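Data first, discussion second: the structure below is written as structure tokens.
So that the names make sense, note that chain A is the first sequence line, chain B the second, and so on, each numbered from 1. Given the structure is predicted, the values throughout are model-derived calculations rather than measurements.
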2 protein chains.
Amino acid sequence: MSTKNALLEVTARLFAEYGWRGTTTRRIAEAAGVNEVTLFRHFGSKAVLLAEAIHCQAEADSPPPLPAVPTDLRSELTGWATNHHRRMREHRSMIRTCLAEFEEHPEIAPVAAGPAMESMADVVRYLTAARERGMIAETGSLEAATVMLMNALFMDAITRDVLPGCPVSDHDAIDLFVDLILRALGAAEAT
Amino acid sequence: MSTKNALLEVTARLFAEYGWRGTTTRRIAEAAGVNEVTLFRHFGSKAVLLAEAIHCQAEADSPPPLPAVPTDLRSELTGWATNHHRRMREHRSMIRTCLAEFEEHPEIAPVAAGPAMESMADVVRYLTAARERGMIAETGSLEAATVMLMNALFMDAITRDVLPGCPVSDHDAIDLFVDLILRALGAAEAT
DNA sequence: GCGGCATGCAAGCAGGTACTTGCAATTGTG
DNA sequence: CACAATTGCAAGTACCTGCTTGCATGCCGC
């Protein structure tokens, strides 16, 4: 089974870097140290191999959870955001490629977007629980706050290496984003 | 000069949809209603044509300005954000492709990122002026607020068609994002 | 030892890729 | 009218693309 796994792993890596068209069967075989025919004997076609490789990559990536009961909003959200940000950062190449490839290969969108949707729902749940406990103000859309925070983290993780002129440093960004969200939601704490 | 312009326009469109590798000289020529050799006679190579096409596209896209003197934060920011969002939405295909292509063709990054950086500086300037006039609170990072708002708008414009499960509707997103930023910055107004 | 099974190797197929060459037709300009 | 620039057309180059075929080699369980 090692050959198959090696092919899947190498294919995911090449796809992230070169996209669908740029990931040729010759390149895959060479990078995996395997003859090209072996690839076709295992998967039948390039399309099947690529789909399977992307699927595996996304599956191995379950989103980090937030506590069931909120206690310290700032530290819990910051910890979650740091974790989430790091994971997206690690996969930024794959994510960018999937975003661009969506137009020609829409079938890869749901599998790539799944984890993000789960995380989104988890954050909304967490903030709702916090509001029920009076830890944040009564007004302000929790859904919008969640989307805004996740969008900001997502963008930062994915484009920081492309747009080097960002006026917020890599190191501070997450803390500042969480701080702004807590301010926006009127979190009852001192800073 | 019409042939040259037609080629540039068609090339930008095809690049946004199919990426660098997918934009073949045959396809460009066919879509422009021009013989393939004409393309090479004008630009010499595919690389030159693509670079020029992307450059033109980005150049024609100057960012919308904010007022020099802030008067109504909410309406001015909402107007600006709506405009900015619409423009990014129109170019989402091109932006996604450029993001993915950055790895193989880093030379297209600065030209594509330029307008966004200008907008970013403009918003920071606007918010700084507002703070000087006492329209928002003294604390909270204006740079972080700007990055967060722009990241949120950017992501929404670029991925809404890819991630259909967003819990915030298309129509409300901009108002809600601006509302959260104003809350975070302690804007002195009633809502 | 022997029959499957995975793999390698060499070659090839039909089509696509960027790009070139040579020549004819058109068009606008002096 | 004559000349030059622009374009089209047909063909061709060398290479890459996904994919197939035929045959040889090693390995592992019976």
Side-chain angles (χ1 to χ4, degrees), chain A residues 1-57 93-94 97-98 100-108, chain B residues 1-57 93-94 97-98 100-108:
Chain A
M1 284 300 124
S2 173
T3 305
K4 204 162 182 174
N5 283 9
L7 280 171
L8 288 171
E9 205 170 312
V10 157
T11 302
R13 214 188 56 226
L14 290 178
F15 172 74
E17 185 164 2
Y18 300 108
W20 190 287
R21 257 182 266 265
T23 304
T24 69
T25 55
R26 296 229 213 285
R27 246 207 273 233
I28 295 169
E30 188 190 9
V34 160
N35 194 283
E36 197 182 351
V37 288
T38 302
L39 182 161
F40 287 100
R41 282 198 265 247
H42 270 291
F43 297 93
S45 77
K46 166 180 168 174
V48 170
L49 169 55
L50 273 173
E52 210 155 314
I54 297 168
H55 186 80
C56 288
Q57 187 85 356
S93 225
M94 172 68 88
T97 303
C98 284
E101 222 73 52
F102 164 68
E103 233 134 315
E104 283 191 78
H105 304 276
E107 71 274 11
I108 67 180
Chain B
M1 284 297 123
S2 174
T3 304
K4 204 162 182 175
N5 283 10
L7 280 171
L8 287 171
E9 206 170 311
V10 158
T11 301
R13 215 188 56 228
L14 290 178
F15 172 75
E17 185 165 4
Y18 299 109
W20 190 287
R21 259 181 263 265
T23 303
T24 70
T25 55
R26 294 224 216 289
R27 247 207 273 232
I28 296 169
E30 189 189 8
V34 161
N35 195 283
E36 198 182 352
V37 286
T38 301
L39 182 160
F40 288 100
R41 282 199 265 247
H42 270 289
F43 297 94
S45 78
K46 167 180 168 173
V48 171
L49 169 55
L50 272 173
E52 211 155 316
I54 296 167
H55 186 81
C56 288
Q57 188 86 355
S93 221
M94 170 69 86
T97 303
C98 283
E101 222 72 52
F102 164 69
E103 233 134 316
E104 281 191 81
H105 304 277
E107 70 275 10
I108 67 180

Spatial distance of atom [atom1] ([X]) from atom [atom2] ([Y]) [nearest 0.5 Å]:
{"X": "B:F102", "Y": "B:E107", "atom1": "CZ", "atom2": "CD", "value": "10.0 Å"}
{"X": "B:E9", "Y": "B:Q57", "atom1": "CD", "atom2": "CD", "value": "8.5 Å"}
{"X": "B:T97", "Y": "A:E104", "atom1": "OG1", "atom2": "CD", "value": "9.0 Å"}
{"X": "A:E101", "Y": "A:R21", "atom1": "CD", "atom2": "CZ", "value": "7.5 Å"}

In whole angstrom, what separates [X]'s [atom1] from [N]'s [atom2]?
{"X": "A:F43", "N": "C:dT7", "atom1": "CZ", "atom2": "P", "value": "10 Å"}
{"X": "A:N35", "N": "D:dG26", "atom1": "CG", "atom2": "P", "value": "16 Å"}
{"X": "A:I28", "N": "D:dC16", "atom1": "CD1", "atom2": "P", "value": "17 Å"}
{"X": "A:L14", "N": "D:dT17", "atom1": "CG", "atom2": "P", "value": "12 Å"}

- Task: Could you pull out all residues at least two apart from B:H105 that satisfy ring pair (Phe, Tyr, Trp, His ring centres under 6.0 Å)?
- Result: B:W20

Expected list for residues 32-40 of chain B: side-chain donor-acceptor pairs under 3.5 angstrom, two or more places apart:
residue, atom, partner, partner atom, Å
B:N35, OD1, B:V37, N, 3.1
B:E36, OE1, B:R26, NH1, 3.0
B:E36, OE2, B:T25, OG1, 2.7

- Message: Report for the helix from C:dG1-D:dC30 to C:dG30-D:dC1: angle between first-end and last-end helix axes, five pairs each, rounded to 10 degrees.
- Response: 10°

- Message: Is the phosphate of C:dA6 approached by A:T3 (side-chain N or O, under 4.0 Å from OP1 or OP2)?
- Response: no

- May I ask you to evaluate whether A:H42 reaches the phosphate of C:dT7, defined as a side-chain N or O under 4.0 Å from OP1 or OP2? yes

- Reading nucleotides 14-28 of chain C from 5' to 3' and marking B where a protein heavy atom lies under 4.0 Å of the base, S where only the sugar-phosphate is that close, and - otherwise, the string is ---BSBBB-------

- Message: So, using side-chain hydrogen bond (donor to acceptor under 3.5 Å, both in side chains) as the criterion, who are the partners of B:E103 when residues are at least two apart?
- Response: A:S93, A:R96

- Residues that B:E17 engages under side-chain hydrogen bond (donor to acceptor under 3.5 Å, both in side chains), provided they are two or more places apart: none

